[in-house]
Each structure stands twice: as structure tokens, then as C-alpha cells.
Amino acid sequence: MERATPAATDDNLLPFAFSAVERKKVTAAFDGGRLSSDGGVMLLSQAERRLGLAERLAAVIPDERDASRVIHRLPDILRARIFAIACGYEDADDLDRLRSDPTFKLACGRLPDTGTDLCSQPTVSRWENAPSLRDLIRLMRVMVDLYCASYPVPPAAVTLDIDDTVDVVHGHQQLSFFNAHYDERCFLPIHVYDTATARPVAVLLRPGKTPSGKEVRGHLRRLVQRIRKHWPQTHITIRGDGHYSRPEVMAWCEENGIGFIFGLPGNTILDRLVDEAADDIRTRRALEQKSALRGFAETRYQAKSWNKERRVCARIEATTKGLDIRFVITSIHTGSAEHVYETLYCARGQAENLIKLHKAQLASDRTSCRSPLANQMRLILHTAAYWLILTMRDAIPATHALATAEFTTIRLRLLKLGTRVIETASRVRLAFAAACPEAALFRHIAAALMPAGP
């Protein structure tokens, strides 16, 4: 739905033509009345009601408005913004048109014809800029609490993947730095996921530079403290790439009973420690005349800045071009080097796919506010939209083709549905297209997400 000036809105009512079909003239106009192109937002509404997402977020943001003058409650403002993001309208000013969309109004608890229109862009923008640092900390705690509540009982163990991603900026936003590796001025927000379930745990805006060990330790300490309030006995393992294997992080994990498995940048000492295994693999590849041969080895290693020796596993691959050796360091004492590297460590690649869902398919890199507090608020809203689509996807039967679909596919097949909304004196009726390919699945999800009880 394009934004338009009042004059352009009037022009939309004028008919325009398409090519004739069987000698009959074909004309069109945007005058269909109470139609919506986003009928699937009602599924998002069911998911949001189940999670209580907007109410939870609004409960920790101070609202100092005069209650007698309030038209749009804070949960309704957040709800409208989150629904819009999930449906692909990532800019707040899209709400200038969506505020009167009948299904968006219905999804936000307002009648499509007789109900008040939703909030407009200025209202949304004011609230995106309203939360203080303390408010944002409370909001992130809500997101962690939501993650913990997604398990019916505390799990025996979870593995949390931590990674950062480049978020290119196009201005002079606060906290944006020039990063020589990416050759861009950017943020490097940290994402934490439970990749076994694809659930987000935390998303933190931060400067566009590689995080230090002290910074990572601080983020993990606060995150684990919050999780421990819900799951005091759950064993937590942290997994990340090479720049998270800092001595401060590993020492803190060991002191607090947290498992870890991190990538480890190689050096000449590590190469020498696995030289015997590497030479054997290289020789066997040459004798067997293979294009590539892979093997594994492990050793004990202590850098000068470390307080103890730790287990290091190596993946060694010999090719016609030479040797390629990758190292991981872990607190896990069981399992072979091959199992630690290929089964445990390489599974962290799924976290990169989840970041793509968050950033590319929900446009969470739209952090264009000047204030870092407002940009962090946007990350929280986009994470909330992630939760809604994930909850929808989890309601799809495991045998269905869309059970593991990406968010853009879910949006195309289940959210972008043309709908006529009819409000009468006693009910509201949604008329979807009779030829909708996913009609049966849509009905299934609507029933699965229906709240229990009256």
C-alpha cells in the first residue's frame, strides 16, 4: 500500500484501463470499499493474544498522558506497529494509510466501520522515541521472559547462539562507527537465539566495532541472570564464533557453570600442536590422490592471557591447494573432536539464518533514528513481529510444506490475503477469496491459535 498525498488519494478513485479481453474493455479503480489486502493479520492477532505481547511491553513503559484525553492506548499503538512490521510495512508512516484498514482495525480490537481509526505515524514515532534506557532494559527483560515462558516446563539444557551482524547506516546516528572490515559506517547489534526452536532471546543495539571480552561478559551476565530466575537448574551452553572466545568470557562461563563452545583464531603455536595429525592427513590425501581429505584432532592449549589450559578441537582439511585448519575451544569434555566440531559447533550456522529472517525479511536494520534508544526500541518491535510470525509457523502441522517456510513465504501465502470486511449490527464477517490456495491451512491455524476458554 503506497503512501499518497490527499490529491493522489482522490486520483486513486479514477478508473484506469487494462488490455481488453475477448473484445471487452477492462477498467479498474481503487474504489472497492471495505477491502483489505492483509486479511491474514487476523492470524497475527490470535498469536498476539496468546502471547500477550503488546500488553507485556506496554506495562513496563511509563505512560504519563492524561487518561481522560487518551484516544489510543499504548498497547494498541504497539500492537498496530508490530502487526504492520510483520505484514511487511516496516516504516512507521505506512500507518498513515493502514490506520483505516478494516482488518488492521479489527486485529487491534476495533470495529472496522464504526470503530475509531488506529494511530498515525506521529503517534508511533513519539512512542518509539519515548522509552528511557531503564525502560529499554525492562523491555528486554520482557523479551527474555517471553522466551522462557515459551517452554511449558524448564528444559534440562539449552544452547544459546550469540552473534553480531552488520547494520549499515546512512547518516550520523549515534553509536554508528566506521568498520574497516565491512568498509561501512554501521552498527553491529548482537543477536541471541535458541536455534533448536528458532526462538529469539535478545537483540541488543551496539556500536559498529567488534565487542570486547568485557562487553560480551556483561551482556551474557545480565542475560543469564534473567534466565536463571525462571530456570535455576537448566544447563546453559553459549555458542559463538571466534571473536567471542575472549578470556574474560570463558573464565566467567567456567565460574558460573555455563558451558561454551567458540571458534578460535589460529596461530603458529596451535598449528604446531596439531602438526602431526595435519601431516598425516596431507600425506594420505596425496597417496590416495583425492581432491580433498578431512580429518580431526584435539589438543590442550593455554594462551598467555588465559588462566588455565582448555580443550581445543581442530578440523583439518587437505586439498590440492594446501591445508585449511579451523579451531574451536570448548568446556565440553565428552565426545570426539569430530563430534564437537561438526555436530556441536557447525550447528551455529542456523543462527545466521535466523538473523537473516530478522534483518532481511522483517527489515530490522531500519534503524534510522538518530537516538540509539529509539533504534533499540525499533529492534524490540521487530523482535516482537518475529515472535508473532514464528508463533503462526509453529501452529502449522509438521508435515505441511510451510512448516519450515521462511517468513517472506509465510507472509505471501498466509498474510497477504484479499478480504472483504462486512460489519453488521450484530457481527463482523470476513469474506476471503473462494479460490485461496491455503484456505484449509488458514482455518487450521485460526483454530489452533484460538484462546482456550470463553
Side-chain angles (χ1 to χ4, degrees), residues 159-169 175-195 200-224 236-256 258-271 273 299 301-315 324-332 340-342 344-356 358-359 364-365 372 379:
T159 298
L160 303 182
D161 283 281
I162 182 170
D163 202 358
D164 50 66
T165 182
V166 61
D167 180 355
V168 178
V169 304
L175 293 188
S176 64
F177 289 166
F178 179 81
N179 189 296
H181 176 74
Y182 296 104
D183 195 27
E184 295 281 4
R185 190 174 181 87
C186 62
F187 301 123
L188 282 182
I190 284 178
H191 291 241
V192 182
Y193 292 92
D194 178 350
T195 52
V201 184
V203 181
L204 304 169
L205 187 79
R206 52 174 308 284
K209 61 178 182 179
T210 302
S212 66
K214 184 177 179 181
E215 180 190 349
V216 175
R217 181 183 63 189
H219 292 320
L220 290 178
R221 176 177 56 82
R222 289 184 287 272
L223 176 61
V224 170
I236 300 172
T237 300
I238 306 295
R239 182 166 55 194
D241 64 12
H243 60 262
Y244 290 95
S245 57
R246 304 300 177 90
E248 300 93 338
V249 177
M250 293 187 290
W252 179 85
C253 287
E254 290 163 342
E255 291 167 5
N256 291 274
I258 305 297
F260 63 83
I261 178 168
F262 298 125
L264 183 66
N267 56 45
T268 54
I269 296 176
L270 285 169
D271 289 343
L273 289 173
T299 186
Y301 174 68
Q302 179 178 2
K304 290 181 180 180
S305 58
W306 297 3
N307 59 354
K308 59 185 290 188
E309 271 191 349
R310 295 184 173 93
R311 183 188 186 190
V312 175
C313 299
R315 187 273 285 156
D324 178 47
I325 306 177
R326 303 291 176 90
F327 298 95
V328 298
I329 185 165
T330 183
S331 63
I332 300 170
V340 169
Y341 186 89
E342 291 210 321
L344 301 183
Y345 179 71
C346 288
R348 66 167 292 276
Q350 177 63 11
E352 297 180 6
N353 294 329
L354 300 181
I355 290 175
K356 290 176 183 177
H358 200 291
K359 186 172 75 169
S364 65
D365 58 351
L379 283 179

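With hydrogens and angles ignored, the 3.5 Å screen pairs no side-chain donor or acceptor of Ser364 with any backbone N or O of Leu379. The closest donor-acceptor contact from the side chain of Arg246 to the backbone of Lys214 lies at 3.5 Å or more, if one exists at all. For Ser331 (side chain) and Phe260 (main-chain N/O), a donor-acceptor pair under 3.5 Å exists by modelled atom type.
Annotation: side chain of Asp167 is not in contact with side chain of Tyr182 (no heavy-atom distance under 4.5 Å). Side chains of Phe178 and Asp183 form a contact here, defined as non-hydrogen atoms less than 4.5 Å apart. Between Lys359 and His191 there is no side-chain heavy-atom pair separated by less than 4.5 Å. For the pair Ile325/Phe327, a side-chain contact is recorded, criterion being any heavy-atom separation below 4.5 Å from C-beta on. The closest side-chain heavy-atom distance from His243 to Asp164 is below 4.5 Å. Asp163 has its side chain within reach of Asp241: a pair of non-hydrogen atoms, C-beta onward, lies under 4.5 Å apart.
One finds the CG atom of Leu160 at 8.5 Å from the OG1 atom of Thr237 (value rounded to the nearest 0.5 Å). Taken to the nearest 0.5 Å, the OG1 atom of Thr210 stands 9.0 Å off from the OH atom of Tyr244. The CD1 atom of Ile162 lies 8.0 Å from the CG atom of Leu223; values are rounded to the nearest 0.5 Å. Leu204 CG to His219 NE2: the interatomic distance, rounded to the nearest 0.5 Å, is 5.5 Å. Here Thr165 contributes atom OG1 and Leu354 contributes atom CG; the two are 12.0 Å apart, rounded to the nearest 0.5 Å. With rounding to the nearest 0.5 Å, the separation of CG in Asp365 from SG in Cys186 is 11.5 Å.
Evaluation of the side-chain contact (heavy atoms from CB on, under 4.5 Å) rule for Ile269 yields Asn267, Arg272, Leu273, Tyr301 as partners, not counting sequence neighbours. When the side-chain contact (heavy atoms from CB on, under 4.5 Å) test is applied to Arg221, the partners found at least two apart in sequence or on another chain are Gln225, Trp252. Every side-chain contact (heavy atoms from CB on, under 4.5 Å) that His181 has, sequence neighbours left out, goes to Asn179. By the salt bridge (Lys or Arg N to Asp or Glu O under 4.0 Å) test, Glu184 is found to be paired with no residue, residues two or more places apart in sequence or in another chain being considered. With sequence neighbours excluded, the residues satisfying salt bridge (Lys or Arg N to Asp or Glu O under 4.0 Å) with Asp161 are Arg239. The side-chain hydrogen bond (donor to acceptor under 3.5 Å, both in side chains) search around Glu309 returns none, not counting sequence neighbours.
Trp306 approaches Pro247 most closely through the heavy-atom pair CD1-CB, 3.9 Å. Of all non-hydrogen atoms in Val166 and Leu188, the two that sit nearest each other are CA-CD2, 3.6 Å. Scanning both residues, Leu270 and Pro265, for their nearest heavy atoms gives CD1-O, 3.7 Å. Contact between Ser245 and Gly263 at its shortest, heavy atoms only, is OG-O, 3.0 Å. Heavy-atom minimum distance, Pro200 versus Tyr193: CA-CD2, 3.6 Å.
The aromatic rings of Tyr341 and Tyr345 are tilted relative to each other, their planes meeting at an angle between 30° and 60°.
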